[in-house]
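Please read the structure below before turning to the comments.
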Amino acid sequence: MAARKAGRRRRRTPEPAPPSPSARGQVRGRLVGGLHPAIDRVNRSFEVDRRLWAEDVRGSMAHARMLGARGVLGRRAVARILRGLARVAEEFRTGRFVARPGDEDVHMAVERRLIELIGADGGRLHAGRSRNDQVATDLRLYLVGAAARAQAGVRRVQRALVALAARDGMLALPFYTHLQRAQPVLLGHWLLAYVEMLEGDRRALAYEARECPLGAGAGAGSGFPLDRRQTARELGFARPSPNSLEAVASRADLARVLAGMGDTATTLSRLGADLVLWTSREFGFARLGDAVSTGSSIMPQKRNPDGAELLRALAVRVHAAWLRVQELQRGLPLGYSKDLQEDKPALFDAEDALAGMLDAAEAMLGDLTFDGARMQAALKDPAGFLLATEAADHLVRKGVPFRAAHEAVGRLVRRCEATGRGLGDLNLAELRAAHPAFGPEVRRALTVEGALAARRAV
Ligand code: ARG
């Protein structure tokens with residue numbers, strides 16, 4: 001530690017250390033000289049993991065307090081460390097933290113700055129821990145916030161959908177199977193389907209940091225009389241992680257949160273796909289406001305749904321993050337390997353992509369209008385035969401087995417198609433020619449209102 005501190009203090013070069021014995025400034029232990037710049041470039045993670053500064057400081061404070069309570073650190077050293085860490089946090093918070101070339105990652109940057117601020121006592125903090133349990137702890141603490149932020153974003157999108165349903169939910173339109181018009185539904189039904197899917201996603205995003213890795217050390221635990229229950233409690237975990245090897249090696253918690261983010265991304269991508277279809281001239285069911293539409297650099301008439309398309313595309317990033325984290329762990333020997341450092345770019349990329357998607361979805365839903373006339377036209381198009389199922393159900397109510405009813409109505413549809421008419425254009429005699437069980441109440445059954453009103457089950 002003393003050598004490390006001296007090395008850091010002597011260091012003045014702003015560039016990564018060249019591979020010469022005079023280069024100093026990193027924890028080099030038995031190693032002589034600086035790290036080769038090519039290795040330093042891939043090894044360094046500070047610019048990415050500096051995002052964990054608040055969690056890193058929190059974890060360090062808990063660790064210092066616990067070391068104090070256990071008598072590993074003196075009271076004055078603990079007080080100094082806590083004050084120093086608070087100042088480091090303040091520097092990060094206010095954007096005044098100055099990185100040094102030797103700052104390999106956020107953990108070393110915080111500790112380096114702490115030692116600069118409070119002197120040798122700062123070098124006492126790392127007793128009984130390793131960056132391996134430190135980063136695993138930071139990550140789980142960060143996941144709590146990331147999952148909660150994503151959940152809050154999902155809530156906002158749900159609210160926007162509910163607001164649309166309250167405004168226009170009683171409009172009727174066709175729903176689709178195989179992208180072929182199928183049956184009439186209410187717009188509210190469609191909008192609330194997304195609310196429901198998002199509710200499942202929100203549940204999948206629920207993350208509670210249960211087991212605290214801190215104290216697992218490099219992986220074999222610590223010879224100091226650590227009170228792991230105290231640090232776990234202080235950091236909001238339910239308990240210390242029971243196995244120190246698992247604690248430093250596993251990124252299962254991360255994968256679980258990424259899976260929840262992936263579920264959300266899938267739902268938003270489908271919403272995006274529907275918006276792209278609906279705002280097309282071919283559908284014409286919806287129109288995005290100018291502020292959430294994009295133009296074309298060549299075609300002056302264009303009103304493009306780029307935001308909706310990107311809901312589809314950004315989902316790929318979120319899904320890829322889950323796969324990245326699984327692939328990082330696949331085949332790794334038990335314990336910590338530096339491969340795991342690549343977990344954070346995956347997480348942050350997914351988090352940012354999803355945050356962008358949630359904001360964009362909320363903005364588009366807030367500036368979306370529906371064209372009830374176009375929906376009606378699609379419903380009433382005689383060639384759509386949207387009420388064919390109602391005709392068959394009518395026969396079933398008259399005692400006809402469903403299979404026979406299905407066949408009879410199929411025959412009617414074929415006949416209508418040949419003569420360019422809709423089912424509603426047929427008179428009772430024509431209907432009875434296809435099946436004698438047709439009764440006069442079929443008139444009501446063969447209306448959109450009748451079809452919607454007939455759906456009374458939960
Ligand atoms: N930056 C590292 C990571 O993100 C911290 C742990 C480094 N541990 C080590 N033994 N080199 O995984």
Side-chain angles (χ1 to χ4, degrees), residues 1 4 7-8 16-17 25-31 34-36 38-60 62-63 88 92 97 99-114 123 125-143 145-146 209 212-222 231 235 241 244-255 257-258 321 324-351:
M1 278 297 164
R4 172 182 182 185
R8 284 179 179 288
Q26 289 150 30
V27 181
R28 301 282 292 152
R30 59 171 287 176
L31 303 171
L35 184 63
H36 194 292
I39 304 304
D40 183 65
R41 203 171 93 201
V42 294
N43 190 46
R44 163 184 309 278
S45 61
F46 178 70
E47 280 316 317
V48 172
D49 60 28
R50 61 176 300 155
R51 205 153 149 170
L52 297 175
W53 66 264
E55 288 76 15
D56 199 69
V57 168
R58 256 179 85 196
S60 291
H63 184 65
V88 175
F92 271 103
F97 185 88
R100 290 286 190 82
D103 292 342
E104 180 186 313
D105 56 25
V106 65
H107 323 294
M108 294 181 68
V110 168
E111 191 183 349
R112 184 267 305 161
R113 183 63 183 142
L114 175 67
L125 172 63
H126 211 54
R129 75 171 185 189
S130 144
R131 281 184 293 157
N132 296 355
D133 58 342
Q134 200 179 346
V135 71
T137 306
D138 291 4
L139 186 62
R140 290 186 194 186
L141 290 175
Y142 187 87
L143 287 175
C212 182
L214 196 59
S222 170
T231 43
L235 294 172
S241 54
S244 59
L245 288 172
E246 179 273 341
V248 298
S250 170
R251 293 295 180 268
D253 283 35
L254 171 57
V257 171
L258 287 175
R324 281 166 79 177
V325 166
Q326 299 290 6
E327 284 289 293
L328 281 177
Q329 296 175 86
R330 181 173 61 84
L332 271 195
L334 187 62
Y336 175 86
S337 297
K338 198 58 176 267
D339 308 48
L340 293 174
Q341 174 165 285
E342 281 294 309
D343 59 356
K344 285 169 288 296
L347 166 62
F348 298 151
D349 196 37
E351 191 189 10

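As the structure lists them, so they are numbered: ligands from 1, and atoms in each ligand from 1.
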Can you list the atoms of ligand 1 that are under 4.0 Å from a heavy atom of [X]?
X	answer
Asp105	1 (N), 2 (C), 5 (C)
Ser45	1 (N)
His107	5 (C)

Pairwise side-chain contact, Tyr142 with Glu351, heavy-atom cut-off 4.5 Å (strictly under):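 Yes, side chains in contact.
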
Minimum side-chain heavy-atom gap Arg44-Asp105 below 4.5 Å: no

Least distance between heavy atoms, Val57 atom then Val110 atom: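 Reported closest heavy-atom pair: CG2-CG1, 4.3 Å.
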
Contact with ligand 1 for Glu104, non-hydrogen, under 4.0 angstrom: no

Lys344, any N or O under 3.5 Å of ligand 1 N or O: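 Yes, there is a polar N/O contact under 3.5 Å.
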
Heteroatom proximity flag, Gln341 to ligand 1, N/O under 3.5 Å: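 Among all N and O atoms of Gln341, at least one is under 3.5 Å from an N or O of ligand 1.
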
Looking at [atom], what's its closest protein heavy atom, distance included?
atom	value
atom 9 (C) of ligand 1	Asn132 OD1, 3.4 Å
atom 7 (C) of ligand 1	Tyr336 OH, 3.5 Å
atom 11 (N) of ligand 1	Arg131 NH2, 3.5 Å

Salt-bridge criterion met for Glu104 and Lys338 (N-O under 4.0 Å):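 Yes.
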
salt_bridge(Glu55, Arg58) N-O dist < 4.0 Å: no

CA sep, side-chain torsions, deciding dist, call: Thr137, Asp56, side-chain contact (heavy atoms from CB on, under 4.5 Å): CA-CA 8 Å; Thr137 306; Asp56 199 69; over 6 Å; no

Quiz item: cation-pi between Arg50 and Phe97, 6.0 Å / 45°: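 Output no; distance or angle outside limits.
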
